[in-house]
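Before any comments, here is the structure.
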Amino acid sequence: MQIVENKDKFREALLSWYLREKRDLPWRNTSNPYYIWVSEIMLQQTRVDTVIPYYERFIARFPTMESLVEADESDLLKMWEGLGYYSRVRNLQSGVKEVVENYGSEVPASRKEISELKGIGPYTAGAILSIAFGLPEHAVDGNVMRVISRLLLIDDDIAIPRTKRIFENVIMDLIDQEDPSSFNQGLMELGATICTPKPKCLLCPVREFCLAFNEGRQEEFPVKTKKVKMKVVPVASFAMRNEKNEWLLRKRSEKGLLANLWEFPMIELASLQTPKELARVECDIELTELLSFKHVFSHLTWDLTCYTGLIQGDHKIPDGYHFFSNKEVEELPKPVPVLKIWDEVKQQLTGNDGK
DNA sequence: AAACCGGGGCT
DNA sequence: AGCCCAGGTTT
């Protein structure tokens, strides 16, 4: 049975499955557009199970758009700590501020207006419009492209940006006018649970409509060209304390990777000299190796070794560096690799206390 | 169009 | 070790 000739039957099959099987997620118990907005930003490139606790904490801490507008950036980053893509929360606050100031705290319900808000692109616009306002708008993400490419045997390369337009046009033709929210969420739910990269077609509620399944070619879709391999960057990091047991950290640049988060000083290793030798020669500081690990980003890998040591007497501290007490370090927003180092430092401290 | 931007789970 | 994920912004 082909979709193009049986759109109503396809909608019925998808919606009845979704309404019967949908997972009970926190953001599905609200129609507050701001809450839907928060959930969609968190869900960008991030799995549902990861998002749930962050969403609960965020809504409890910032229950209204006005409360979010008033927050300091450091508080925002602390709420987002460990979630990644930290600009998302800065853009979210910026967008919410626009709504509070320019729309009387009412999220605009048109694609044109909502798309002008910071951090809201074509997908998120469609998701909020359909889920919060019940409007028949497309919300095409990676899940939807995978599902639709299989249903209709669309073999265009989804790595090419303009390919997304093809899928948006399909959705606008196929979307259920009575319940666009459940239709869009049904497609996403299908992609997340059944029409996965390794699809579970025997469980699929719409497999009789699926051209790829009928040909046994479901694993050939979607067509996506490969990316180049990332590079590995050797990095040395230094967890240094002074004689008052305060730790030396610095705030990262306001632009680029991990913007405005805090870290123990670190350098990319270009020198032939080992950090240990360098510190002894240049600063008369003895370092001991604390731990090593790899941290994988989407585009590069840090091969990181962390050293620790004691700074005694007079040393010139460069601009942007500060000493913090244990409690203060705890409160700074830190990316995951720095959290790992800090956990190791704390374990060492605990071990010493226990003796 | 391509590069940049985190982190974790799955296979 | 590679792939993918409820993407958007900047260049």
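Lettering follows sequence order; numbering is per chain, from 1. Heavy atoms only: backbone and side chains are in, while hydrogens, waters and symmetry mates are out.
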With no hydrogens and no angle check, just 3.5 Å: does a side-chain donor-acceptor pair link A/Asn326 and A/Trp247? yes
Roughly, in whole Å, what's the span from CD in A/Gln185 to P in C/dA6? 13 Å
Regarding A/Leu187, tell me which of base, sugar-phosphate or nothing describes its non-hydrogen contacts under 4.0 Å with the strands shown. nothing
How many Å lie between CZ on A/Arg252 and C1' on B/dC4, as a whole number? 13 Å
Atom-to-atom span, CG of A/Leu129 to C1' of C/dA6 - whole angstrom: 15 Å
Distance check, C1' atoms only: B/dG6 and C/dC3, in whole angstrom units. 16 Å
Are the side chain of A/Arg111 and the backbone N or O of A/Pro122 linked by a donor-acceptor pair below 3.5 Å? yes
Take atom CD in A/Glu254; do more than 12 heavy atoms of anything else shown fall under 6.0 Å from it? no
Starting at OG of A/Ser110, measure out to CD of A/Glu137 and round the result to the nearest 0.5 Å. 9.0 Å
Using a 3.5 Å distance criterion without hydrogens, assess whether the side chain of A/Arg250 forms a donor-acceptor pair with backbone atoms of A/Met266. yes
Over how many whole Å does the gap from A/Glu40 atom CD to C/dA6 atom P extend? 11 Å
Rounded to the nearest Å, what distance is computed from the CG atom of residue A/Leu117 to the P atom of nucleotide C/dG8? 13 Å
At under 4.0 Å, does any side-chain N or O of A/Lys164 touch on OP1 or OP2 of B/dA1? no
For each nucleotide in nucleotides 6-11 of chain B, reading 5' to 3', give B when a protein heavy atom comes within less than 4.0 Å of its base, S when such contact involves only the sugar-phosphate, and - otherwise. BBB---
Heavy atoms under 4.0 Å, any strand shown: does A/Ile41 hit a base, just sugar-phosphate, or nothing? nothing
In Å and rounded to the nearest 0.5 Å, what is the CG to CD1 distance from A/Leu135 to A/Ile128? 11.5 Å
Under 4.0 Å between any heavy atoms, over every strand shown, what does A/Thr196 touch: base, sugar-phosphate, or nothing? Just pick one. nothing
A/Asn91 CG to C/dT10 P, straight-line distance once rounded to whole Å: 7 Å
Atom C1', compared across B/dG9 and C/dG8: separation rounded to whole Å: 23 Å
First of A/Arg23 and A/Lys255 reached from the 5' end of DNA chain C, by closest nucleotide: A/Arg23
In whole Å, what separates the P atom of B/dG8 from that of C/dT9? 24 Å
Of the non-hydrogen atoms in A/Arg88 and A/Ile41, which two are nearest, and what is the gap between them? NH1-O, 3.0 Å
From CD1 of A/Ile120 over to C1' of C/dA6, roughly how many Å is that when rounded to an integer? 14 Å
